[in-house]
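These values consider heavy atoms only, across backbone and side chains, with no hydrogens, waters or symmetry-generated copies. Quick caveat: nothing in here was measured; it's all calculated off a predicted structure.
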Amino acid sequence: MNGLVLAVLAAVIATVLAGIGSAKGVGGAGQASMGVLSEDPSKFGKMLVLTLLPGTQGLYGFIVGFLIIANCGVLGGNIPDTAHGLAFLAAACAIGIGGLVSGIEQGKTAVSGVAMTAKDDKNFSKAMVSITLVEIYALLSFIVSLLAVISIPNLQF
């Protein structure tokens, strides 16, 4: 398998896995929010924020996937050899797997935050803190992938 194929596979893994996590997370939170909004449309802004938070993982995966594509010869530059392709693949796993798991788990936390906020608007900030704690792990995965992808073209194997 040549390096270009591995690098493109890496971009797909980063984008698709993180996107699945976000889609599941946003979908669950969105369903819960719709139930609240059917009873109290004035809570739209708060429900929107709680629903959007699990969507960041998909964005992180997209950024990493785009950077891989930009650095692997598809949009210009040098086509990677097999070692560099494997390095891109390894780098993509951090945000791919981290985004998948954290997106799903953040969505579950957001559903609970929606329920708390539906009962009392004063619980919104507490819900935000809990949901943001899960976001930290998505950010850590993103940073690892980002730093790796940026440095891979300069590595000598």
Side-chain angles (χ1 to χ4, degrees), residues 5-72 74-75 77 85-153:
V5 172
L6 291 168
V8 171
L9 180 61
V12 169
I13 286 172
T15 306
V16 170
L17 291 182
I20 290 169
S22 280
K24 297 239 345 138
V26 169
Q31 288 174 341
S33 293
M34 292 301 136
V36 171
L37 292 173
S38 69
E39 298 292 323
D40 186 358
S42 70
K43 293 185 178 181
F44 176 75
K46 290 179 179 174
M47 295 299 111
L48 180 63
V49 170
L50 296 174
T51 299
L52 285 175
L53 283 172
T56 56
Q57 286 82 347
L59 179 61
Y60 301 153
F62 171 76
I63 292 168
V64 169
F66 178 80
L67 288 174
I68 292 170
I69 294 293
N71 284 303
C72 76
V74 173
L75 299 177
L86 285 170
F88 280 125
L89 190 57
C93 287
I95 190 56
I97 296 168
L100 173 67
V101 174
S102 67
I104 292 169
E105 296 304 316
Q106 193 173 36
K108 292 176 185 176
T109 308
V111 167
S112 297
V114 166
M116 281 178 49
T117 304
K119 289 184 180 183
D120 186 354
D121 277 344
K122 294 177 187 172
N123 289 327
F124 177 73
S125 60
K126 294 173 189 166
M128 287 291 295
V129 169
S130 295
I131 295 166
T132 304
L133 290 174
V134 182
E135 182 73 20
I136 291 168
Y137 297 98
L139 276 170
L140 294 175
S141 297
F142 173 59
I143 291 168
V144 166
S145 287
L146 183 66
L147 292 174
V149 166
I150 289 170
S151 66
I152 287 169

Minimum heavy-atom distance between [X] and [Y], given as atom pair plus value:
X	Y	answer
Ala110	Ile131	CA-CD1, 3.5 Å
Ile152	Ala91	CD1-CB, 4.0 Å
Ser102	Val134	O-CG1, 3.6 Å
Ala14	Gly65	CB-N, 4.2 Å

For [X], enumerate each residue passing the side chain to side chain donor-acceptor pair (under 3.5 Å) test, keeping only those at least two apart in sequence or located in another chain.
X	answer
Thr15	none
Thr109	none
Ser42	Asp40

Roughly how far, to the nearest 0.5 Å, is [atom2] of [Y] from [atom1] of [X]?
X	Y	atom1	atom2	answer
Ile68	Leu6	CD1	CG	11.0 Å
Ser141	Ile97	OG	CD1	9.0 Å
Leu89	Leu9	CG	CG	5.5 Å

Hey, could you give me each pair passing salt bridge (charged side-chain N to carboxylate O under 4.0 Å, His left out) that has a residue in [range]? Not counting sequence neighbours.
range	value
residues 90-100	none
residues 85-97	none
residues 48-61	none
residues 96-114	Glu105-Lys108

For this session: Show the numbers, then the answer: is there a side-chain contact (heavy atoms from CB on, under 4.5 Å) between Phe44 and Leu37?
Result: CA-CA 6 Å; Phe44 176 75; Leu37 292 173; 3.9 Å; yes
Mind checking what makes side-chain contact (heavy atoms from CB on, under 4.5 Å) contact with [X], not counting sequence neighbours?
X	result
Leu140	Ile136, Tyr137
Ile63	Leu59, Leu67, Phe142
Phe124	Lys46, Val49, Leu50, Thr117, Met128

Problem set entry | Donor-acceptor contact below 3.5 Å, side chain Ser145 vs main chain Val64 | no
Problem set entry | Val111, Val114, Leu48 screened by side chain to side chain contact (heavy atoms under 4.5 Å, CB included) with Ser33, the one that passes | Val114
Seminar exercise, completed: Per side chain to side chain contact (heavy atoms under 4.5 Å, CB included), Leu146 is matched among Ile143, Val149, Ile150 by Ile150
Expected list for residues 19-30: side-chain donor-acceptor pairs under 3.5 angstrom, two or more places apart:
from, atom 1, to, atom 2, distance (Å)
Ser22, OG, Pro54, O, 2.8
Ser22, OG, Gly55, O, 3.3
Ser22, OG, Gln57, N, 3.4
Ser22, OG, Gly58, N, 2.6

Exercise. Do Val8 and Phe88 come close enough that some side-chain heavy atom pair is under 4.5 Å?
Worked result: no
Exercise. Pairs in or reaching into residues 120-136: which pass side chain to side chain donor-acceptor pair (under 3.5 Å), with residues at least two apart or in two chains?
Worked result: Thr56-Glu135, Tyr60-Glu135, Gln106-Glu135
